[in-house]
Amino acid sequence: MKASRGGEAYARIYSVVRRVPRGRVVTYGAVARLAGVPRGARQVGYALHALAEADRDVPWQRVINAKGEVSPRGEADWASLQRSMLIAEGVVFDQKGRVDLTIYGWSDALVNEV
DNA sequence: TCCCTGACTGGTT
DNA sequence: AAACCAGCCAGGG
């Protein structure tokens with residue numbers, strides 16, 4: 001079920017995602033590390049999947065996989081929506097639908113940036 | 001408590 | 001560069 005409030009790890013994950021600046025993207029692995037779950041990349045994805053309407057302040061669209069591409073779930077439409085939302089923020093996708101993480105990637109080294 | 005599942009990752013092939 | 005494979009963690013049945 002949606003344990004959006006059951007797990008403490010989830011709360012930390014959401015808190016990290018909320019800190020990602022507009023127009024930037026972050027990988028699941030980076031969020032996991034910043035949330036204190038070094039190998040919990042999959043957990044991050046699971047946590048975001050459990051997001052409910054009440055958590056709409058969490059910019060989940062800024063979380064992508066290490067390849068720099070939006071992770072495909074069952075419904076491909078959802079992924080395209082995420083892509084649109086990011087483009088609206090100024091994130092650029094290349095012809096293969098991937099984001100250049102060296103430019104838009106946000107990591108702990110950039111936490112001080114606003 | 002055991003077993004399966006998954007918005008992932010990194011190393012190989 | 002793309003497809004595979006094997007670890008990893010926490011939630012839910």
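Side-chain atoms are counted along with the backbone in the values below, which use heavy atoms only and exclude waters and symmetry mates. Here is how names work: the chains are called A, B, and so on, in the same order as the sequence lines, proteins then strands, and each is numbered from 1.
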Can you figure out which of [options] approaches the side chain of [X] most closely?
X: A:Asn65; options: B:dA7, B:dC8, B:dG10; value: B:dC8
X: A:Gln43; options: C:dC9, C:dA2, B:dC8; value: C:dC9
X: A:Tyr10; options: B:dG10, C:dG11, B:dC8; value: C:dG11
X: A:Arg42; options: B:dG10, C:dG7, B:dA7; value: C:dG7

Atom [atom1] of [X] and atom [atom2] of [Y]: how far apart are they, to the nearest 0.5 Å?
X: A:Tyr46; Y: A:Tyr28; atom1: OH; atom2: OH; answer: 14.5 Å
X: A:Thr27; Y: A:Arg33; atom1: OG1; atom2: CZ; answer: 7.5 Å
X: A:Ser84; Y: A:Phe93; atom1: OG; atom2: CZ; answer: 8.5 Å

Whole Å only: how far is the [atom1] atom of [X] from the [atom2] atom of [N]?
X: A:Lys96; N: C:dA3; atom1: NZ; atom2: P; answer: 12 Å
X: A:Leu48; N: C:dG11; atom1: CG; atom2: C1'; answer: 15 Å
X: A:Gln61; N: B:dA7; atom1: CD; atom2: C1'; answer: 13 Å
X: A:His49; N: C:dC9; atom1: NE2; atom2: C1'; answer: 17 Å
X: A:Lys67; N: B:dG11; atom1: NZ; atom2: C1'; answer: 12 Å
X: A:Tyr28; N: C:dA10; atom1: OH; atom2: P; answer: 18 Å
X: A:Arg33; N: B:dG10; atom1: CZ; atom2: P; answer: 10 Å
X: A:Leu86; N: B:dA7; atom1: CG; atom2: P; answer: 18 Å

> Considering Watson-Crick and G-U wobble pairs with both distances under 3.5 Å, what does C:dC8 pair with?
Replying inline: none

> Side-chain donor or acceptor of A:Arg39 under 3.5 Å from a matching atom on the base of B:dG10?
Replying inline: no

> What about A:Tyr46: does its side chain form a donor-acceptor pair under 3.5 Å with the base of B:dA7?
Replying inline: no

> Step by step, would you call A:Leu34 with A:Trp106 a side-chain contact (heavy atoms from CB on, under 4.5 Å)?
Replying inline: CA-CA 11 Å; A:Leu34 292 173; A:Trp106 185 79; 3.7 Å; yes

>> Need one value for A:Ala9: base, sugar-phosphate or nothing, where a base atom within 4.0 Å counts as base even if backbone is also close, heavy atoms only.
In response: nothing

>> Using modelled atom types and a 3.5 Å cut-off, is there a donor and acceptor pairing between side-chain atoms of A:Gln61 and backbone atoms of A:Leu81?
In response: no

